[in-house]
Amino acid sequence: MEFTPLVEDKNSRARTGLLKTDHGEIRTPIFMPVGTVGSVKGVYHRDLKEDVKAEIILGNTYHLYLRPGLEILNKAGGLHRFENWDRPILTDSGGFQVFSLTGIRKITEEGCTFQSHIDGSRHTFTPENNVTTQRMIGADICMAFDECCPGDADHAYAEKSLALTQRWLARYAKAFHESEPLYGYEQTFFPIIQGCVYPDLRIKAAEHALEYADAGIAIGGLAVGEPTEKMYEMIELLDPVIPRSKARYLMGVGTPANILEAISRGVDMFDCVMPTRNGRNGMLFTWNGILNMRNEKWKDDFSPLDPAGTSFVDSTYSKAYLRHLFIAGEMFAAMIASEHNLAFYLDVVRQARLHIEQGDFTAWKEDAVKRITTRL
RNA sequence: GUGAGAUUAGUUCAGUUGGUAGAGCACCAGAUUGUGGUUCUGGGUGUCGUGGGUUCGAGCCCCACAUCUCACC
């Protein structure tokens with residue numbers, strides 16, 4: 001797999017780039033819709049490609065391992081064929097799920113033992129079997145198995161956690177290089193930089209992770225409870241440490257404004273559940289600001305959902321209609337909102353690329369952030 | 001027609017010896033960052049069926065009426 005930086009912004013650390021995979025090229029900066037269990041919830045693949053214009057989507061190792069399970073995925077010929085998605089896929093290792101399963105999991109040197117949230121059955125993820133699992137799923141980009149350290153952890157805990165993540169990374173890399181892709185196309189993996197909000201740990205983590213980085217590297221353990229400013233500080237701190245030749249993936253982030261701020265600090269790739277999960281609950285992100293579609297004030301507003309939007313739902317349906325669907329509990333509401341939000345997120349990164357190419361990214365970003373954070 | 005029970009928030013219902021009402025859901029508003037189709041936080045939105053009476057004071061006691069449910073002619 002190959003990452004090629006293209007245009008550098010003069011006034012910030014933003015840049016455009018191209019990530020080449022056997023399932024097609026990804027233009028960066030990019031946002032990757034989350035499709036945890038093999039579906040970007042509520043959006044047809046057709047719309048994901050043609051309307052949202054997604055270039056890559058995510059899957060989740062933890063969820064797919066539990067359901068439908070490796071046997072089915074392997075029989076299907078991998079996740080691409082199973083869900084019939086022919087563009088690139090990235091799978092998270094399940095490290096974050098393990099982190100959020102506090103109470104029904106136990107972390108040891110060997111790996112992590114946890115109980116299924118579905119039936120309570122016990123399972124163990126190790127760096128080695130996580131590679132096997134992600135080989136069976138067949139993602140183009142696999143994520144290393146890490147321990148996601150809480151944003152409010154003290155230095156001692158964060159240091160201990162990082163040391164474990166680093167030992168797991170070495171084992172993961174070894175297993176990855178000693179195994180082969182199962183479905184005839186290339187797979188790569190991104191190591192993950194942890195270290196919580198502590199500069200010394202983050203630098204150490206980055207230097208170590210870089211030893212294992214191929215096309216890209218991920219920044220993990222952010223947007224997990226620490227102040228947003230801390231997150232930006234950590235990205236700025238890491239920027240000079242990571243070579244420009246590596247794609248940088250900020251995991252789990254974030255709001256459209258978070259994404260633009262991170263782009264200006266040199267980040268290339270993003271994923272977040274926010275456009276879909278918050279969309280399902282009535283929150284719409286637009287160039288004019290943020291709307292809560294459940295609000296009573298939209299009940300007789302028959303204007304288009306988002307006049308500036310690129311999705312067909314934006315001009316097809318009105319605010320009053322979508323509010324009605326939300327209040328009525330119609331699944332169609334979640335579908336429309338998800339499609340709109342994803343199309344908007346992809347438009348945000350597309351506009352960012354355009355303005356980096358035009359050389360006016362910084363000025364454009366300052367104005368855009370003000371607009372998109374307005375509460376309507 | 002007779003008898004019994006019921007009538008309190010949008011709804012289903014609590015409401016102590018009489019001291020101007022409260023819960024679930026709904027609704028209204030806010031949160032949500034490597035997804036458990038969620039979860040969390042805040043808000044009570046009321047002519048206590050109507051009209052009288054007793055009482056310092058009535059959702060509660062008394063009378064009449066209205067409406068509903070059930071049972072029996």
Side-chain angles (χ1 to χ4, degrees), chain A residues 31-43 56-64 66-67 89-104 114-120 130 134 139 141-151 165 190-194 216-228 230-232 249-259 261-262 267 269-283 285 290-299 323 326-335 337-338 341-342 345 375:
Chain A
F31 177 78
M32 309 180 282
V34 177
T36 311
V37 293
S39 127
V40 175
K41 294 183 194 300
V43 185
I56 171 173
I57 61 174
L58 260 67
N60 185 277
T61 302
Y62 167 82
H63 289 282
L64 291 166
L66 290 178
R67 239 177 358 203
I89 293 177
L90 178 151
T91 42
D92 186 20
S93 64
F96 185 78
Q97 278 58 45
V98 160
F99 151 78
S100 56
L101 282 171
T102 317
I104 49 173
F114 57 89
Q115 276 185 272
S116 159
H117 68 277
I118 300 164
D119 62 6
N130 199 263
Q134 293 197 69
I141 302 171
C142 303
M143 299 308 299
F145 186 62
D146 65 338
E147 188 198 352
C148 184
C149 182
T165 285
F190 283 18
I192 302 171
I193 299 168
Q194 289 290 344
I217 192 164
I219 303 171
L222 290 177
V224 286
E226 82 288 355
T228 305
K230 277 285 170 198
M231 175 171 85
Y232 294 150
Y249 165 29
L250 179 59
M251 304 184 76
V253 173
T255 65
N258 288 159
I259 289 173
E261 293 298 349
V267 177
M269 303 165 70
F270 304 87
D271 80 280
C272 190
V273 303
M274 200 173 266
T276 39
R277 181 198 280 163
N278 289 29
R280 281 198 300 281
N281 289 298
M283 192 174 202
F285 298 94
I290 299 168
L291 296 77
N292 181 346
M293 281 317 301
R294 298 185 66 99
N295 283 174
E296 195 167 26
K297 61 186 164 193
W298 309 121
K299 72 179 174 188
R323 165 175 149 91
F326 269 114
I327 298 299
E330 287 292 315
M331 66 172 83
F332 194 31
M335 294 171 66
S338 297
N341 278 347
L342 288 176
Y345 267 63
R375 294 276 164 174

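Chain letters run A, B, ... following the sequence lines, proteins first and then strands; every chain starts at 1.
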**Q.** Base paired to B:rG57 (Watson-Crick or G-U; both N/O distances under 3.5 angstrom)
**A.** none
Q) Looking at residues at least two apart in the chain, or sitting in another chain, which of them share a ring-ring contact (aromatic ring centres under 6.0 Å, His included) with A:F332? A) A:Y317
Q. Does B:rA23 have a Watson-Crick or wobble partner in any strand here, with both distances under 3.5 angstrom, and which is it?
A. B:rU12
Q: Can you tell me, in whole Å, how much space there is between the C1' of B:rU8 and that of B:rA21?
A: 8 Å
Q: Look at all strands and tell whether A:D271 reaches a base, only sugar-phosphate, or nothing, counting heavy atoms closer than 4.0 Å.
A: sugar-phosphate
Q: Could you tell me which residues satisfy ring-ring contact (aromatic ring centres under 6.0 Å, His included) with A:F285, sequence neighbours excluded, listed by chain and number?
A: A:Y345
Q) Which residues pass the ring-ring contact (aromatic ring centres under 6.0 Å, His included) test with A:F270, sequence neighbours left out? A) none
Q. Does B:rG42 have a Watson-Crick or wobble partner in any strand here, with both distances under 3.5 angstrom, and which is it?
A. B:rC28
Q.
The criterion is ring-ring contact (aromatic ring centres under 6.0 Å, His included); which residues satisfy it with A:F326, sequence neighbours excluded?
A. none
Q) Mind checking which nucleotides bracket the chain A contacts on RNA chain B, 5' to 3', with an atom under 4.0 Å from a heavy atom? A) B:rC27 to B:rU38
Q. Using a cut-off of 4.0 Å on non-hydrogen atoms, how would the nucleic acid contact of A:R67 be classed: base, sugar-phosphate, or nothing?
A. nothing
Q) Sequence neighbours excluded, which residues qualify as side-chain hydrogen bond (donor to acceptor under 3.5 Å, both in side chains) partners of A:T255? A) A:N258
